[in-house]
Each structure stands twice: as C-alpha cells, then as structure tokens.
Peer 1: 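Supplied in structure tokens, the structure appears directly below.
Because the structure is predicted, anything quoted here is derived from the model rather than measured. Protein chains get the first letters and strands the later ones, always in sequence-line order, with residue 1 at the start of each.
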Number of protein chains: 2
Amino acid sequence: MESRCENCIIRQFNSLRAMSKEELKQVSDTKTTKIIKKGESLFEEGDKLNGVYCVRNGVSKLSKLSANGKDQIVKLASKGEVLGQRSVISQEITNLSAVAVNDMEVCFIPKDSITNTLQKNPNFTLEVLRHIAHDLKEADDVIVNISQKTVKQRMAEAFLYLQNNFGEDADGFLALTLSREDISNVVGTATESAIRIISEFKKKGLIHTSGKKIGIKDERKLLEVVEGF
Amino acid sequence: MESRCENCIIRQFNSLRAMSKEELKQVSDTKTTKIIKKGESLFEEGDKLNGVYCVRNGVSKLSKLSANGKDQIVKLASKGEVLGQRSVISQEITNLSAVAVNDMEVCFIPKDSITNTLQKNPNFTLEVLRHIAHDLKEADDVIVNISQKTVKQRMAEAFLYLQNNFGEDADGFLALTLSREDISNVVGTATESAIRIISEFKKKGLIHTSGKKIGIKDERKLLEVVEGF
DNA sequence: CTAAAAATATGATATTTATCAGTAATTCGT
DNA sequence: ACGAATTACTGATAAATATCATATTTTTAG
C-alpha cells in the first residue's frame, strides 16, 4: 500500500498541516508519488499546472529564463516545500520552471483538493498565506541584494546560504552540490565570473574545493566579504 | 461625518471587497483617515505595524535600505493598494519603508479587524492570498530583470511601466513624476547613470523632458531597447 | 577502458557601470 | 524676488563584470 499523507512527516513543514482529517484523506486518495531524476523538470515556465508538488526528497531549482538565454534561479526548494502553489492560487500559467538538482521524490496533488480546501478552511488558507508572505519577503531581500551588492558579496552570501539551508556532509563540503553554472544562476552573474571568484576565495583560504564540491573553510571571513570588507 | 468604508469605491480594487457587511462596518468604525505629505513616511523598515494602510490617493514608494546607504525601490503603490499587509499577516516587523512620492490620503485600519477577518472569512483570506501571490510573481520578474538586463534596458522598461500604471498628463508627460534619484532607485543603478541614460534617450528621440517631467516620445523604439536592440 | 563530450579553469580584452569632481539649473523658504 | 539648498547634469576616470578564446580536468557513453 502506498504511504498516506495522514502519516507523512513532511506535512509538518508546510501548509498541509492545517488541513482537517477529511481534507487530508481526500488529498491522500488523489495524490500520486513521482520520482524525478536529476536534471528532469517538474514543470516548465508557461505550463498550466493541474496541481502542486510536495517535495519529499531532493532539491529543485525554481528558475526563469531571460531573453538572452540565461536562467535566473529564484529559489531552491527542498523537503517539505510545496511547488506550484502560487500558480494554482492565481489560476495563471506558472512563471517559473522547476528542475531537479538531484534525484527527487515528490507527491503530486491535483489542484481540486487544494482549491476546495482554500475556499472552505480559513486555517489552511491563512497558513498558505503565511508561506507565500514569507516567500515575498525573501524575494524582496533578493532584489535588494542583487541590485546593491557586488558579485563577490553575493557569491559569499550564496555559500553561507547553502551551508545554513542544506548543511554539510561528513567531509565538510556543502551537502548540496551545485554546478558552477547553477551557482552563477543563483548569484546572477556569468559562469566565468563565478568560477573566477571561487578560485579567488580558494586562494584566500575562505573555501576549499574537491571537484565540483565546495566546502566553507573560514565562515568569519566569508561574512566579512558579504559585509563588504 | 467621516466617509464610510461601505461606500468607498477604492475598496473594489483590493481585498476588502471580500469582507462581509458586518466586517466592513467594524473596519469603518475603527479606521482613521490620514493625510501624508510628499516625502513623509507611512512606516519605516523595522517598524512593528499595528495595522494596514489603504491608499485612497497619491503614490507611495516601498523601499529597502542597503548596507551601502542606497535605497532600492521594490514597488510603487497607488490608489486601492493596501500597504503593510505582509507584515501584519506574518506578525513580523516590516522589511520595507513606505514613503509618499506625492501628497497622499490613506486610511489606517487597525490590525485586529484584519486578523479577525483572516481567521473567519475564507473568501477574504483567499482574496488577500491572491494579491500577495500576484506581488510575489512581480517580485520574481523584478529579480530576473535586474540580474539579466542592462541598466539601459531597465530604464526603458521603467518608463513604459510608469506609462502603463500611472498614465500620462494632458501634455504627454508621465503622470507620476519621480526625481532622478527615485528613478535610479527603481532601476537599481547610480543616479548619475540614470541621468546619463535619460540624456541619451532624449538625444535619440525616445523621450522628451521638461524639468523633472519625462514624456514618452517613441514607444516602439523604447520597447526595442527593452528587448536589447 | 577509452574517446568524446561536458564542465571547469584561466588569460586577455571589451564593455558596462560606478565613482569622483565640478558646473548648471531648479526648488524652497522667507 | 533672492539667496541657499537641493537636484540635475556632464566629463574624466576607475572599478566591476562580461565576453571571447583556449586549455585543462572531469564526467559520460559505449
């Protein structure tokens, strides 16, 4: 038997915890679990979404393509996050693409269970609202960072962000390994520039690398870079 | 007698239209109307907000100060928009400052009327959710624009945005007049750079100016600049 | 295991943008 | 209306960043 949402721990991290037993039962009855391999996409910018994706495992990058062909990564979503919410709420096509950064396990929840609950259960709606409000605040911060900080500052910030949000492995490397291109798309810069700054940070002893893996060596100095020293 | 929310047209443009008669009555009984002069602030980054502001007239810039002392304008809010919603919902201090760009008339609505309704009226909550979701989508667009477009492209885009959202006056100038500094803070660039590009656009016949007023002369060519030609 | 492909790295250079310095124009308070 | 203060503008220069070219390393497919 497939696992039931009622027993799913992941739910505690997102707005689904505000659903009633019956609502949750309906979600569980209609949901499907999917395995998404690294590099595959959950949905593409412009798609009409018929539901939301609840992340059980793995990480997805949410990005938007610009006219010049470069992707800007707007958010990295991991365990517990619900993707596609915004699009389902506004009943608009999605403005972002979601691509797996590593192998993922997600639950697809058809939109009806969501929209029905949104209309009937104010606790759930409020909970979703709180999450979206939080995302909005973070987006505002990103705007200010990108427009006011140098690439070097944003690179340092990105490493600290990855450390805080995804942790480190046994060998002291960031647990989430991104390609140099993905890093540059998070930071909003050219891939070559990102690589150059990685080299510089390495030379200065702020980080260490092994292949594409990156580890933080001197958190204090990285923070100083973020602050502009 | 002061005007009542029940009769207020502005309400049709925002989430307050989803309130019931009784809820609206309570809002009306507790609200206060304020005049905010150009340059004065509704609230400052870091303030704890005791309510939201419903804009009846005038325009407010929502901005965030960065470490280097420059403001980044994240949004321009005018008639019908409700400011401070996000902060009240998350019960956090506000992450933005709201300053009047011209003389404003706003209604201050104490947060209790809002939070009570959020917990009881799912229609209202859903309506607020839709608005915040829309803001989030716009914020994502801003992120991509800032990181992927040149200053020149963003300047052209800003003028078209001002035209679309605030219209033109009888003489063909943008109805919302911003200082050069404000323009540079919307676009996310140095004031001198913004001025330089204004001069260039003027020389090329894309815009015309009179004092600080700016008018669009060749919309098509401006659009071409946005697209990168 | 190996050749091909992809990703990473680095140098040289061009372009974009910011900063500094100074002048002209406009706005504001009395 | 007048001087002071702010805002707008322009030039010279410096700094940041992107782009192009190319080499090296790593990964992938067969």
Side-chain angles (χ1 to χ4, degrees), chain A residues 37-40 66-72 101-103 145-158 173-174 177-204 207-215 225-226 228-229, chain B residues 37-40 66-72 99 101-103 145-156 158 173-174 177-203 207-215 225 228-229:
Chain A
K37 290 237 184 70
K38 175 178 175 175
E40 290 178 359
S66 71
N68 64 37
K70 285 207 68 177
D71 252 354
Q72 173 67 34
V101 168
N102 43 37
D103 293 350
N145 270 342
I146 290 196
S147 82
Q148 307 285 11
K149 290 188 179 157
T150 65
V151 173
K152 212 175 286 183
Q153 288 176 296
R154 276 141 52 203
M155 284 288 291
E157 203 160 39
F173 291 107
L174 294 172
T177 303
L178 295 175
S179 71
R180 303 295 194 253
E181 191 181 358
D182 278 344
I183 293 175
S184 75
N185 289 342
V186 167
V187 168
T189 189
T191 306
E192 296 96 321
S193 299
I195 290 173
R196 239 179 273 278
I197 289 170
I198 289 172
S199 301
E200 189 193 324
F201 283 179
K202 206 160 76 174
K203 232 175 260 166
K204 290 188 180 160
I207 61 175
H208 56 115
T209 70
S210 166
K212 50 171 41 180
K213 281 187 288 184
I214 292 174
V225 171
V226 174
F229 294 111
Chain B
K37 291 236 184 71
K38 175 178 174 174
E40 289 177 359
S66 70
N68 64 38
K70 286 207 69 176
D71 251 353
Q72 173 67 34
V99 174
V101 168
N102 44 37
D103 292 351
N145 271 341
I146 291 196
S147 81
Q148 307 284 11
K149 291 188 179 159
T150 65
V151 173
K152 213 176 283 182
Q153 288 176 297
R154 275 140 54 200
M155 284 289 291
F173 292 107
L174 294 171
T177 304
L178 294 175
S179 70
R180 301 297 195 250
E181 192 181 357
D182 278 343
I183 293 175
S184 76
N185 288 342
V186 167
V187 168
T189 190
T191 308
E192 296 97 319
S193 299
I195 290 173
R196 240 178 273 277
I197 289 170
I198 290 172
S199 301
E200 187 191 325
F201 284 178
K202 207 160 77 174
K203 233 174 257 167
I207 61 175
H208 56 114
T209 70
S210 167
K212 52 171 41 181
K213 280 188 290 186
I214 293 174
V225 172
F229 294 111

Peer 1: Begin from the C-alpha positions of A/Gln72 and A/Ile146 and carry the test side chain to side chain contact (heavy atoms under 4.5 Å, CB included) through to its verdict.
Peer 2: CA-CA 11 Å; A/Gln72 173 67 34; A/Ile146 290 196; 4.0 Å; yes

Peer 1: Which part of the nucleic acid, if any, lies within reach of B/Ser199 when heavy atoms closer than 4.0 Å are counted: base, sugar-phosphate only, or nothing?
Peer 2: sugar-phosphate

Peer 1: Once you round it to whole Å, what is the distance between C1' of C/dA18 and CD of A/Gln153?
Peer 2: 14 Å

Peer 1: Nearest whole Å is fine: how far is C/dT15 P from B/Ile197 CD1?
Peer 2: 17 Å

Peer 1: So, OP1 or OP2 of D/dA16: does either fall under 4.0 Å of a side-chain N or O from A/Thr150?
Peer 2: no

Peer 1: Between atom CD in B/Glu200 and atom C1' in D/dG11, what is the gap in whole Å?
Peer 2: 15 Å

Peer 1: Starting from the 5' end of DNA chain D, give me the residue, A/Lys152 or B/Glu192, whose nearest nucleotide shows up first.
Peer 2: B/Glu192

Peer 1: Without decimals, in angstroms, what is the distance between B/Lys37 NZ and C/dC28 P?
Peer 2: 13 Å

Peer 1: Per the side-chain contact (heavy atoms from CB on, under 4.5 Å) rule, which among B/Ile214, B/Ile195, B/Thr191 passes with B/Ile183?
Peer 2: B/Ile214

Peer 1: Closest to the A/Thr189 side chain: C/dT19, D/dA18, C/dA7?
Peer 2: D/dA18

Peer 1: What I'd like to find out is whether the side chain of B/Lys70 reaches to under 4.5 Å of the side chain of B/Ser184, using heavy atoms alone.
Peer 2: yes

Peer 1: Of the options C/dA18, D/dT17, D/dC9, whose atoms approach the side-chain atoms of B/Ile195 most closely?
Peer 2: D/dC9

Peer 1: Please determine, for the side chain of B/Arg196, which listed nucleotide (D/dT19, C/dC20, D/dT17) has the closest atom?
Peer 2: C/dC20

Peer 1: Counting only side-chain heavy atoms from C-beta out, which of D/dC9, D/dT7, C/dT10 sits nearest to B/Lys212?
Peer 2: D/dT7

Peer 1: For B/Gly188 and for A/Lys203, find the nucleotide of DNA chain C with the closest heavy atom, then tell me which residue's nucleotide is more 5'.
Peer 2: A/Lys203

Peer 1: Identify which nucleotide among C/dA9, D/dA8, D/dT17 has an atom closest to any side-chain atom of A/Lys202, counting heavy atoms from C-beta outward.
Peer 2: C/dA9

Peer 1: How many Å lie between CD1 on A/Ile198 and P on C/dT10, as a whole number?
Peer 2: 10 Å

Peer 1: Rounding to an integer number of Å, can you tell me how far B/Glu181 CD sits from D/dC9 P?
Peer 2: 13 Å

Peer 1: For B/Ile214 and D/dT7, what is the distance between atoms CD1 and C1' respectively, to the nearest whole Å?
Peer 2: 13 Å

Peer 1: What is the distance from atom OG1 of B/Thr189 to atom CZ of B/Arg154, rounded to the nearest 0.5 Å?
Peer 2: 6.5 Å

Peer 1: Distance check needed: C/dA24 P versus B/Arg180 CZ, whole Å only.
Peer 2: 19 Å

Peer 1: Can you tell me if NZ on B/Lys152 sees more than 12 non-hydrogen neighbours from other groups inside 6.0 Å?
Peer 2: no

